[in-house]
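These notes are about the structure you will find just below.
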Amino acid sequence: MSGRRSRISEEEIKELISKLRFLLPETSRQGGSRASAAKLLQETCNYIESLHRDVDDLSDRLTELMATMDISSAQAEIVRSLLRS
Amino acid sequence: MESKSSTTGNRDNPNRNLHGSKTMMASHFLRALFRIQQTSTSSSSAGRSRRIRRAAYASMAYSAGTRRAWSRALLRKLRSRARLRFPRRLSRAATPQRRDMDQAQVLRKLVPGGPSMDDCKLLEETADYIRFLTTQVRLMQTVMDSVSS
């Protein structure tokens, strides 16, 4: 079930947790290395849920936009923006 | 680290460049958007929104490919045509502060394929899932911004 290792070392967990903390937005990173694993996991869950909500909201907004605008005519502009980002 | 290909080695490199994946994600998502606009004249806007949402998760999953457990799980769900649902927690008041263990369980429900992962795998997969999710959200925002300008 856990593959190659029968026991996951403290080091590996710490490393993965710091990697995860790095991915969270600034405002979610509380107290640096003093933040508990539980707090970090909670922030991670919050962040993923907000990203899921963003996908839902942006889908709704794109639907509205596409009802009034032909996006294929804006293709060039879209690609330009994507290349810039 | 600066590799343009997202499919060669380096899967443990935390700084792996998403460049190749971003391009695939964008082209897949845009093609889907154009298709949805052309073929949705008679469907409801809720239906069209669902299709766009589905296309968003599909682009993420296809660009990540089968390298990751989360993308494999998403691809399975997409192919089975099942409704894509992610659990939402009830209001904060209803969910008191939980122990470590429970937070990992909550996380398992949010990351595709979560239930079958051990703690170590869960953290790795979560990091990767977040990278792809944020890229997809930014992609959608960029499309919004450039079309509405």
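What you see is a predicted model; the values in this text were computed from it and never measured.
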How long is the gap from CG on Leu41(A) to CG on Asp119(B), to the nearest 0.5 Å? 8.5 Å

Report the relative orientation of the aromatic rings in Phe86(B) and His52(A); use parallel for angles under 30°, tilted for 30 to 60°, perpendicular for over 60°. parallel

How many angstroms lie between atom CD1 of Ile52(B) and atom CG of Asp60(A), to the nearest 0.5 angstrom? 8.5 Å

Between chain B and each of Gln75(A), Arg84(A), Glu64(A), count heavy-atom pairs under 4.5 Å; write down the option with the most. Gln75(A)

Below 4.5 Å from any heavy atom of chain A, which atoms of Leu33(B) appear? Answer side chain, backbone, both or neither. both

Apply side chain to side chain contact (heavy atoms under 4.5 Å, CB included) to the pair Leu23(A) and Tyr129(B), showing each step before the final yes or no. CA-CA 11 Å; Leu23(A) 289 169; Tyr129(B) 184 56; over 6 Å; no

Is the shortest heavy-atom distance from the side chain of Ser81(A) to the side chain of Asp145(B) under 4.5 Å? no

Any idea which heavy atoms bring Ala26(B) and Leu82(A) closest together, and the distance? CB-CD1, 4.0 Å

For Lys19(A) and Arg131(B), which heavy atoms make the closest approach, and how far apart are they? CD-NH2, 4.2 Å

Single-linkage hydrophobic cluster Leu78(B)~Ile36(B), side-chain heavy atoms < 4.5 angstrom: yes

Please round to the nearest 0.5 Å and tell me the distance separating atom OG of Ser59(A) and atom CE of Met144(B). 11.0 Å

Leu30(B) side, atom CG; Ile71(A) side, atom CD1 - distance, nearest 0.5 Å: 7.0 Å

Looking only at heavy atoms, what is the nearest atom pair of Val147(B) and Met69(A), with distance? O-SD, 3.3 Å

So does Ser146(B) get a backbone contact from the side chain of Glu77(A), meaning a donor-acceptor N/O pair under 3.5 Å? no

Roughly how far apart are Asn46(A) CG and Gln103(B) CD, rounded to 0.5 Å? 8.0 Å

Minimum heavy-atom distance Ala56(B)-Val55(A), with the two atoms named: CB-CG1, 4.0 Å

Single-linkage hydrophobic cluster Leu75(B)~Val111(B), side-chain heavy atoms < 4.5 angstrom: no

Part of Ala127(B) lying under 4.5 Å from any heavy atom of chain A: both

Against chain A, label Gln141(B) side chain, backbone, both or neither, depending on which of its atoms sit under 4.5 Å from a heavy atom there. both

Is Leu58(A) close to chain B through its backbone or its side chain, or both, or neither, when contacts mean heavy atoms under 4.5 Å? both

Are Leu139(B) and Tyr62(B) linked, directly or through other ILVMFWY residues, by side chains that come within less than 4.5 angstrom of each other? no

Atom pair OG/CG of Ser18(A) and Leu123(B) - distance to nearest 0.5 Å: 10.5 Å

Part of Asp70(A) within contact of chain B (heavy atom distance under 4.5 Å): both

Exercise: identify the closest heavy-atom pair between Leu62(A) and Met140(B): CD1-CE, 4.2 Å

For the interface with chain B, which of Thr44(A), Leu51(A), Leu83(A) has the highest count of heavy-atom pairs at distances below 4.5 Å? Leu51(A)

Which pair of non-hydrogen atoms, one from Arg48(B) and one from Ala67(A), has the smallest distance, and what is that distance? NH1-CB, 4.3 Å

